[in-house]
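A, B, ... follow the sequence lines: proteins, then strands. Residue 1 opens every chain.
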Amino acid sequence: MSEYNHNSFEPKWQKYWQDNNIYKVDIDKSKPKYYTLDMFPYPSGAGLHVGHPMGYIASDIVSRYKRLKGFNVLHPMGFDSFGLPAEQYAIETGQHPAITTEQNISTFKSQMNKIGFSFDWSREVQTSSPEYYRWTQWIFEQLFNAYYDKDENKAKDIAELVKHFEANGSEGINAECDDDATVFTAEDWKGYSDNEKATILLQYRLTFLSEAMVNWCPALGTVLANDEVKDGVSERGGHPVERKKMKQWMMRITAYADRLLGNLDRLDWSDALKEMQRNWIGKSIGCELDFKVADSDITLTAFTTRVDTVYGVTYVVLAPEHELIPTLTTDAQKEAVETYVEEAKNRSERDRQSDVKTVSGVFTGSYVINPLTGEKVQLWIADYVLSGYGTGVVMAVPSSDDRDFRFANHFDLPIIRVIEGTEDMEDPTQVKKGKMINSGFLNGLDSDEAIKVAIDKLVESGQGKAKVNFRIRDAVFSRQRYWGEPVPVYFDENDSPQLVPDQQLPLNLPEVENYLPTPEGDPPLGNAKDWKFDDKFGYELTTMPGWAGSSWYFLRYMDPQNKEAFVSKEAVEYWNQVDLYVGGTEHATGHLLYSRFWNMFLFDMGFIGHEEPFQRIVNQGMIQGRSNFVYRVKGTNQFVSYGLRKDYDVQPLYVDVNIVNNDELDTEKFKEWRKDYADAEFILEDGKYMCGHVVEKMSKSKYNVVNPDVVIEKYGADTLRLYEMFLGPIEQSKPWSMQGIDGVWKFLRKMWRLFYNDQGQLVVTDGKATPEELKILHKTIKKAGEDMESLSLNTTVPAFMVCVNELAAAKCHKKEVLEQLLVILSPFAPHIAEELWHEALGHEDSVILASFPEFDASLLVEASHTYPVSINGKMRVKIDLPMDISQEEAKEAVFANEVVKKWVEDKPIKKFIFVPKRIVNVVV
RNA sequence: GCGGGUGUGGUGAAAUUGGUAGACACGCUAGACUUAGGAUCUAGUGCUUCACGGCGUGGGGGUUCGAGUCCCUCCACCCGCACCA
């Protein structure tokens, strides 16, 4: 074969790998395991664009590398196949989402296979298949049957809680539960009806029904979890979201808040990612303290992290939603308060968020007593206090909190400075910590000390206690949609939720004629005919959220066909944690928290042996689109080139980037692109039509989507793989550009020419490699190995280029060298490696089964080193010196050099620095 | 506002973690071979200067024999969170 021609062999090897099940893996205890995972995609109708495979390519390279290094590598792929787009499409067209989804998956798979990924497709999972969601439902049932014991700090079987209730009632139980959990005795418990018992247990279960404020999105017709709402609108589609009280299934993720936070320290994730999770969990350590309402027996409990500043409290504020407001409002203030509360209620979430600077509030007319100072201060209501955080009551310290400061200034409330040094400052909140002043028994203490002393005092007098608060909320689990897992629950004659028995799982998603809510306002599942448990009891009509199926799929890959369990003990023991998880940062607070939560729960219950699912995560950057524009002269069919557009009155129009090459428009293709452009005329510059460009998200409507199939057609999968890595560090976002892909392609052609000459004759020779040739090879082995371990894949490609350039220059065609080069290149470019491995080198087995060559350090040892010699820190000349030269000898040699003499002249030598194998620096 | 990150040629980017700044590619320039070139090969290519040289890693300052790398300070851009008490 005379020329490198990817089309002639890439499909051939893809078929060979598939036919020979080369990527199929099984438990093999004789080998160490390695688990590489990609965040599985939602199979959208648009197919893959060139941005998607970047992470997949990186993880594929690592998988292939680890395999060559002797690991048994689990590298699966599957589909997160429940989701909104397929359902929206069903609503519009009546097409069942399962059909659309199946078609899309088939497109995705064919695109992936063309790139040559080493996935073990026999382990594929699809979250929407009943065989899979049977176990998602099963996990839901385990969560239903469990509660969280705060003493042992783990989830336990709900039966143990029942035992405790039977013996002691609610006395002495330290478990995660609803805030308003019932208090009762063992006697009470025995007297309760089944229904009453069920209601109480629901207050403890890790998945539970609750009447709660939720994010309701009318446009999508469903509630959304907090992480699915961004800036007050839905993350998908950008529709407005309202707060609404609804009965919903919830997940008690807050039980795990502290462990989810604490474990972060031992995970090998980027700081940014960990920080995002920390923020989301939002732990704050502080205390609760009681403010008695003056002339009343009501006590308000406030949460603060800065109890040291308690002497600076000049007023206390309630959230507008606080339920005691009517009782606490004096008659004189009644009207003002009601007006304010009404207004605050009507402000949308979005308003409240975007308008942070406006100060508003109202005085209740009541006063409260500071528990530590005995001072009487005003009680206010303001919407800067959130009902959902802490207790909905804030002790305001205008001298150290920005919001309190603004508020006090606005309403002319007193400000007491309690930190030394802030006495004369216009804005005392600029200094947050220091020695306490004006603070009674806290005077002279440092802020941090004062916090401890103040808490002790509060505890002593029974007016407060240390308290840790979390920002994270329990997760809403219900979705009022069709295309998701049915919740395996029915409601009995008392309307009490009951689990569908295990033997009857999966509870299949029923057929419906209409994917919209029922006329009664029930979710779409309400349209299912005769869908009842035991023909009697109605099933739960909401479905599970998108994150349910994706919260445990990494476990199912280990044992995907298991009919007896979600994963066998043996499989999960062997494959254990995911060693490398590659995916986008957009899942930082959703998927990655929920997965950790479920995994931790399954660990607590003894089903799996590891607490954290993903030891190492690498977030690949986004590939942005690069849109092109043409400029039509208004009212004509004339298009003016980018550089000349200023001379005309033009309208920029998107043009398909696939008919533009390096910003130059293919005018012929442009005329064919659309009917109305068929007789377009062009005003050219330098004989070319140049387009404008802008970097933005890849999307169909912007005509900037580049399909990997197109790149593969022209350059081949190996070039695509190498090029996507060559573009830069994997974590970095960058616009897609084809500039430079030629360089990678040329590299593969050069590589090819080490094996075949222009006439297509094999030129590989059998001779013994020279030390020089071995050196070229081994420094590449070293570099490639290190890079693949650290995922610096962008620098590996140049290392290969240098290697091939040097071998070509040395006219080295020796089998001994080329054979090993093919092995180390094969993770990046498996097709060309396999082709040459068989056709040029005559191997029978696949290169995938080879071993990664051992790097031999002794081959890189040199007799001499070229030292850069600097005079006063400026590099002036390079001198070859023997490796083992002493400082004295080096000095002699350096000063004998003409160039050095010229620079030094007769100036006195101040210093002579000699760093072996590095540098010489002369200071004059 | 808080937190995280990034700033290096015309472009994408390297730099053994304090030791020759710009590897490797794209692009560009010149030449060779060619009927032809969006093929291939050779040479050049940070800026500046005829040259010797000088200047160069967002700006300013510092530590050091030596700083893209460490410290201080300021600026710009990107990402995340945001009345969280």
Might you list the N or O atoms of the protein lying below 3.5 Å from N or O atoms in nucleotides 15-23 of chain B, with each pair's distance?
residue	atom	partner	partner atom	Å
rU20(B)	O2	Lys878(A)	NZ	3.0

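The distance between atom CG of Leu318(A) and atom C1' of rA85(B), rounded to the nearest whole Å, is 13 Å. Between the C1' atom of rG80(B) and the CG atom of Asn279(A) lies a distance of 8 Å, rounded to the nearest Å. Atom-to-atom, CG of Asp758(A) to P of rA39(B) comes out at 16 Å; the value is rounded to the nearest Å. A straight line from CG of Asp401(A) to P of rC83(B) spans 13 Å, rounded to a whole angstrom. Across the protein-nucleic acid pair, Asp227(A) atom CG and rG80(B) atom C1' stand 14 Å apart, rounded to whole Å. Distance CG (Leu727(A)) to P (rG12(B)): 11 Å, rounded to an integer number of Å. Computed from coordinates, the Lys734(A) NZ to rC77(B) P distance equals 22 Å when rounded to whole Å. Between the CH2 atom of Trp745(A) and the P atom of rC26(B) there is a distance of 12 Å, given to the nearest Å.
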### Query
If you write RNA chain B from 5' to 3' in dot-bracket form, with Watson-Crick or G-U pairs under 3.5 Å, [ ] for crossing pairs and | for pairs with another strand, what do you get?
(((((((..(((......[....)))((((((.......))))))(((....)))..(((((..]....))))))))))))....

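Distance noted for atom P between rC81(B) and rG66(B): 45 Å (whole Å). Spacing between rA82(B) and rU64(B) at atom P, rounded to whole Å, works out to 46 Å. Comparing the P positions of rA43(B) and rA36(B) gives an interatomic distance of 24 Å, to the nearest angstrom. rG46(B) and rG10(B) have their C1' atoms separated by 10 Å, given to the nearest Å. Comparing the C1' positions of rA51(B) and rA39(B) gives an interatomic distance of 40 Å, to the nearest angstrom. Rounded to a whole angstrom, the distance from the P atom of rG54(B) to that of rG58(B) is 22 Å. Atom C1' of rC83(B) sits at a distance of 25 Å from the matching atom of rC78(B), rounded to the whole Å. Across rG19(B) and rG12(B), the matching C1' atoms stand 27 Å from one another, rounded to whole Å.
Nearest-nucleotide assignment on RNA chain B puts the 5′-proximal partner with Ala272(A), out of Ala272(A) and Thr391(A). Each of Ser284(A) and Ser733(A) was matched to the nucleotide of RNA chain B holding its nearest heavy atom; the match closer to the 5' end belongs to Ser733(A).
Applying the 90° criterion around 0 to the glycosidic angle, rG60(B) comes out anti. With a glycosidic angle further than 90° from 0, rU11(B) counts as anti.
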### Query
Going through the checks in order, is the side chain to side chain donor-acceptor pair (under 3.5 Å) test met by Tyr384(A) and Asp404(A)?
CA-CA 9 Å; Tyr384(A) 79 86; Asp404(A) 298 345; 2.6 Å; yes

### Task
Would you please test Asp742(A) and Lys746(A) for salt bridge (Lys or Arg N to Asp or Glu O under 4.0 Å) and show each step?
CA-CA 6 Å; Asp742(A) 277 338; Lys746(A) 278 186 210 162; over 6 Å; no

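At the heavy-atom level, Asn805(A) lies under 4.0 Å from the strands shown only through sugar-phosphate atoms. In this structure, Lys714(A) reaches the bases: a heavy-atom distance under 4.0 Å links it to at least one base atom across the strands shown. As judged by a 4.0 angstrom heavy-atom cut-off over every strand, Arg876(A) is placed among residues touching the sugar-phosphate backbone only. Among the heavy atoms of the strands, none lies under 4.0 Å from Trp736(A).
The backbone N or O of Gly464(A) lies less than 3.5 Å from no partner atom in the side chain of Asp290(A), so there is not a single donor-acceptor pair. Although no hydrogens or angles enter the test, the distance criterion places no donor-acceptor pair under 3.5 Å between the side chain of Lys811(A) and the main chain of Ala808(A). A distance-only check finds a donor-acceptor pair linking the side chain of Thr780(A) to the backbone of Ile776(A) [under 3.5 Å]. Between the side chain of Glu731(A) and the backbone N or O of Val618(A), no donor-acceptor pair lies under 3.5 Å.
Here the side chain of Leu386(A) is nearest to one of rC84(B), rG53(B), rC65(B), namely rC84(B). The Tyr384(A) side chain lies nearest to rC83(B) when the options are rG80(B), rA25(B), rC83(B). Nearest to the side chain of Gln732(A), among rA13(B), rC84(B), rG12(B), sits rA13(B).
The closest side-chain heavy-atom distance from Lys783(A) to Thr795(A) is below 4.5 Å. Using a 4.5 Å heavy-atom cutoff, the side chains of Ser284(A) and Phe470(A) are not in contact.
Phosphate proximity of rC26(B) to Lys746(A): present, with a side-chain N or O under 4.0 Å from OP1 or OP2. Between Ser737(A) and rU11(B) there is no side-chain polar atom (N or O) within less than 4.0 angstrom of OP1 or OP2. Side-chain N/O atoms of Arg473(A) include none lying less than 4.0 angstrom from OP1 or OP2 on rC84(B).
Relative to the ring axis of Trp280(A), Arg278(A) does not place its NZ or CZ within 45° and under 6.0 Å from the centre. Trp736(A) does not carry Arg626(A) over the face of its six-membered ring by the limits of under 6.0 Å from the centre and within 45° of the normal.
Between Phe407(A) and Phe411(A), the ring planes are tilted. Angles from 30° to 60° get that label.
In the model, Ser627(A) has a side-chain atom that pairs as donor or acceptor with a side-chain atom of Asn704(A) under 3.5 Å.
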